[in-house]
Amino acid sequence: MDFLTLIQVLDSTVRMATPLLLACLAGLFSERAGIFDIGLEGKMLMAAFFSAAVAAVTGNVWLGLLAGIGASMLLSGLHGLASITFRGNQLISGVALNFLASGLTVLIAESWFRQGGRTPSLLTEGRFNGIELPFAIGPSEAEAAGRPLSELIGEANVIQQIWSELISGHSILVYVAALMVPLTWWVLFRTRFGLRLRAVGENPAAVDTAGVSVRGLRFAAIGIAGVLCGIAGAYLATGLQAGFVKEMTSGRGYIALAALIFAKWRPWHALGACLLFGLLQAVALRFQSIQLGGVSIPVQVMDALPYVLTVVILAGFVGKAIPPRAGGQPYVKER
């Protein structure tokens with residue numbers, strides 16, 4: 001493998017890790033506040049459908065993004081109503097949201113577009129296109145030189161290859177996801193709101209005693225989770241792909257939960273965990289057949305690697321991960 005191929009694999013890693021990272025940070029906010037959110041998958045799926053549907057109808061990708069965030073926040077509100085207001089089982093509520101989104105997206109897509117549960121393919125204005133950063137070798141330079149883009153990048157120095165192929169050329173949502181990591185760390189560990197949010201996940205009675213609304217903080221947490229899942233779903237349908245297809249999240253919500261446990265509910269560690277899962281997905285896409293010791297490994301084995309790692313992590317083989325102490329427990333105010 002030459003250096004340029006390695007850079008291209010890492011570029012695919014960043015793209016594949018973006019929805020995982022956004023969903024992982026969504027789960028981080030929710031679970032730090034004591035609300036287990038199995039429904040990340042469903043919220044991403046619902047956001048992917050409505051963002052693609054609105055972008056296809058209006059031709060405006062930003063309206064699609066807002067629709068995706070709105071759909072995700074609606075499911076977050078239902079989850080909060082069931083698990084916070086009515087003190088229902090948080091895991092069952094999340095699983096119910098996943099089933100609801102799985103069936104509802106296909107039903108509405110078939111009713112609206114009559115394309116077998118898909119949305120129409122999105123054109124240029126209906127998608128988030130790559131941003132060409134300054135000093136990067138992009139399509140415009142290749143067109144001006146009358147040469148293939150890969151040839152120009154291959155002749156560039158190492159720094160320019162990294163800048164042009166790995167850092168530049170992503171959609172704006174990729175850069176938003178990257179900025180969300182330090183922002184999440186700052187909010188959770190350097191603000192009063194973050195301190196109270198973490199305290200609600202550890203000892204909600206103490207927060208209530210201090211005169212702070214436990215219910216309000218938990219609703220705020222799942223609201224933030226809804227926004228992040230909405231962005232993740234919108235990126236899947238309007239950035240990574242060009243439209244919605246049935247079950248297009250492909251278990252990414254569950255992988256994000258595994259990454260969250262792997263990261264032990266810490267933002268910077270979550271970035272590393274999501275990049276690891278993204279790398280496995282990128283390798284599976286890039287290398288359809290790998291030879292090891294004269295044995296050809298089928299592509300299905302490569303595709304299964306992220307899910308195998310998910311099972312390994314959830315089985316506890318990566319060390320002990322201790323969740324917030326009040327996680328999964330509805331809070332009942334003492335009288």
Side-chain angles (χ1 to χ4, degrees), residues 1-25 48 51-52 55 59-66 68-69 122-187 227-228 230-243 252 267-268 270-283 285-286:
M1 181 190 299
D2 60 7
F3 182 74
L4 183 57
T5 303
L6 175 62
I7 293 298
Q8 291 170 346
V9 171
L10 293 178
D11 177 70
S12 297
T13 297
V14 171
R15 298 176 192 274
M16 301 302 292
T18 295
L20 297 177
L21 178 59
L22 288 166
C24 187
L25 294 177
S51 62
N60 189 318
V61 69
W62 292 102
L63 290 179
L65 174 62
L66 290 177
I69 292 174
L122 300 178
L123 303 176
T124 304
E125 294 300 321
R127 295 192 63 198
F128 283 105
N129 298 308
I131 298 175
E132 190 176 323
L133 299 178
F135 310 112
I137 301 174
S140 57
E141 284 76 9
E143 184 178 351
R147 298 170 63 189
L149 177 59
S150 59
E151 185 178 315
L152 283 180
I153 295 178
E155 295 176 354
N157 59 53
V158 171
I159 295 177
Q160 202 163 23
Q161 285 181 352
I162 294 174
W163 179 258
S164 302
E165 191 69 20
L166 179 58
I167 299 176
S168 179
H170 298 288
S171 72
I172 189 171
L173 297 186
V174 175
Y175 301 112
V176 168
L179 290 174
M180 282 305 303
V181 178
L183 180 60
T184 298
W185 174 84
W186 180 78
V187 169
V227 172
L228 292 174
I231 299 173
Y235 173 75
L236 278 176
T238 60
L240 197 60
Q241 299 186 33
R252 284 182 172 89
W268 290 107
L271 173 62
C274 291
L275 287 174
L276 173 61
F277 281 107
L279 176 62
L280 293 176
Q281 293 179 334
V283 169
L285 289 174
R286 181 79 183 184

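For the numbers below, each heavy atom of this structure counts, side chains included, while hydrogens, waters and symmetry mates do not.
Between atom OH of residue Tyr235 and atom CZ of residue Arg127 there is a gap of 9.5 Å, rounded to the nearest 0.5 Å. From Met16, atom CE reaches atom CG of Leu285 across 5.0 Å, with rounding to the nearest 0.5 Å. Residue Ser51 holds its OG atom at 10.5 Å from CG of Leu66, rounded to the nearest 0.5 Å. To the nearest 0.5 Å, the span separating CD on Glu165 from OG1 on Thr5 amounts to 10.0 Å. Atom CG of Leu228 is separated from atom OG1 of Thr184 by 6.5 Å, given to the nearest 0.5 angstrom. Within the model, atoms SG of Cys274 and CG of Leu21 stand 5.0 Å from one another, a figure rounded to the nearest 0.5 Å.
Looking at heavy atoms from C-beta onward, Val9 lies in side-chain contact with Leu279 at the 4.5 angstrom threshold. Inter-residue side-chain proximity for Gln281 and Leu20 is flagged as met; some heavy-atom pair is nearer than 4.5 Å. In this structure the side chain of Leu65 never reaches within 4.5 angstrom of the side chain of Thr238, judged on heavy atoms. No side-chain heavy atom of Met180 sits under 4.5 Å from any side-chain heavy atom of Ile231.
Residues satisfying the side-chain contact (heavy atoms from CB on, under 4.5 Å) test with Leu133, not counting sequence neighbours, are Ile131, Trp163, Ile167, Ser168, Tyr175. For Phe128, the ring-ring contact (aromatic ring centres under 6.0 Å, His included) partners are Trp62, not counting sequence neighbours. Listed by chain and residue number, Asp11 satisfy the salt bridge (Lys or Arg N to Asp or Glu O under 4.0 Å) test with Arg15 (two or more places apart in sequence, or in another chain).
Contact record, Val181 with Pro267: CG1-O, 3.8 Å, taken as the closest heavy-atom pair. Closest approach of Ala55 and Gly126 over heavy atoms only: CB-O, 3.6 Å.
Heavy atoms of other residues, nucleotides or ligands lying less than 6.0 angstrom from CG of Leu183 number more than 12. Leu10 CG: more than 12 foreign heavy atoms inside a 6.0 Å radius.
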